[in-house]
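Just so you know, residue 1 is the first one in the sequence shown, and it goes up from there.
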Amino acid sequence: MNILCFGDSNTWGYRPDRKGRFDENTRWTGLLQQKLGPEYHIIEEGLCGRTTIFQDELRENRRGLDMVGATVEIHNPIDLMIIMLGTNDCKSHYRASASLISKGLDQVIRKARQNASQHFDLLVISPIHLGHGVGEPDFDPEFDENSEVVSRNLAAECRRLCTAEYH
């Protein structure tokens, strides 16, 4: 069974102490592989800074919508796709609501399905809540207090999207 994990730095395994990437036995994708065993093939497709639909002006190729089609084609056939996106969409300069982010997520999912060689099951994981102070200058000033609020509203919007569109 091929399981494609498509996400951002959380899927990539970014260490919050800024010392690179967690090793494969610590990343959640590696832990999933260990739990499921060798009859499952976990495909890690995480990228730091990846968004659903927003273009990062400083770093290329961060829009999930631009990357998901080719990614699915590269790894076909896929049996299950796990998507965890939305954290970077909360950055203050995008000014996106949780509702808008879920609409972007919907576009990513639709494009993935269009490029798949067969039907696949889908698991959408709402990103973590951004903690208080995430936007402090010594941590990540691309976020602010509104980013924290938006991140807390993502789970409800993801649920609404998935129950309405993909049940």
Rounded to the nearest 0.5 Å, what's the gap from CG on Leu31 to OG1 on Thr29? Could you check?
8.0 Å

Compare all side-chain heavy atoms of Ile101 with those of Glu157 and state whether any distance is below 4.5 angstrom.
no

Same cluster or not: Val124 versus Ile43, using hydrophobic residues (I, L, V, M, F, W, Y) connected whenever any side-chain heavy atoms lie under 4.5 Å apart?
yes

Can you tell me how far NZ of Lys91 sits from CG of Leu130, rounded to the nearest 0.5 angstrom?
10.5 Å

Rounded distance (nearest 0.5 Å) linking atom CG of Leu36 with atom CE of Met1:
9.0 Å

Distance-only side-chain donor-acceptor flag, Glu57 / His93, under 3.5 Å
no

State, yes or no, whether a side-chain contact exists between Glu142 and Leu58 at a heavy-atom distance under 4.5 Å.
no

N/O donor-acceptor pair under 3.5 Å between Lys111 side chain and Leu65 backbone
yes

Within the 4.5 Å heavy-atom criterion, are Glu45 and His75 side-chain neighbours or not?
yes

Nearest heavy atoms of Leu122 and Ile83, plus distance in Å:
CD1-CD1, 4.0 Å

Does atom CD of Gln55 have more than 12 heavy-atom neighbours from other groups under 6.0 Å away?
yes

Is there a donor-acceptor contact under 3.5 Å from the side chain of Arg27 to the main chain of Phe22?
yes

Out of curiosity, does Trp28 fall in the hydrophobic cluster containing Ile3 (side-chain heavy atoms, cut-off under 4.5 Å, transitive links)?
yes

Please confirm whether the backbone N or O of Asn2 pairs with a side-chain atom of Asp79, one donor and one acceptor, at under 3.5 Å?
yes

Using the side chain to side chain contact (heavy atoms under 4.5 Å, CB included) rule, take Arg62 and Asn88 through it: C-alpha gap first, then chi angles, then the decisive distance, then the call.
CA-CA 10 Å; Arg62 303 298 168 185; Asn88 292 302; over 6 Å; no

Taking a hydrophobic cluster as the set of Ile, Leu, Val, Met, Phe, Trp and Tyr residues connected by side-chain heavy atoms closer than 4.5 Å, whether directly or through intermediates, do Leu154 and Met84 fall within one such cluster?
no

Does some side-chain heavy atom of Phe143 sit less than 4.5 Å from a side-chain heavy atom of Glu148?
no

Considering only heavy atoms from C-beta outward, does the side chain of Gln107 approach that of Thr52 to under 4.5 Å?
no

Would you compute the distance between atom CG of Asp89 and atom CD1 of Ile53 and round it to the nearest 0.5 angstrom?
7.0 Å

CD (Glu145) with more than 12 external heavy atoms under 6.0 Å
no

Treat each ILVMFWY residue as a node, draw an edge where side-chain heavy atoms are under 4.5 Å apart, and state whether Leu123 and Leu4 are in one component.
no

Please tell me whether Leu80 and Leu161 are part of a single hydrophobic cluster in this structure, the criterion being side-chain heavy atoms less than 4.5 Å apart.
no

Take His129 and Ser151 through the side chain to side chain contact (heavy atoms under 4.5 Å, CB included) test and state the conclusion after the steps.
CA-CA 5 Å; His129 293 171; Ser151 77; 4.2 Å; yes

Within a strict 4.5 Å, meaning less than it, do heavy atoms of the Asp56 and Tyr94 side chains meet?
yes

Can you find a heavy atom in the side chain of Thr11 that is under 4.5 Å from one in the side chain of Phe6?
no

For Gln118 and Asn76, does a side-chain donor sit closer than 3.5 Å to a side-chain acceptor?
no

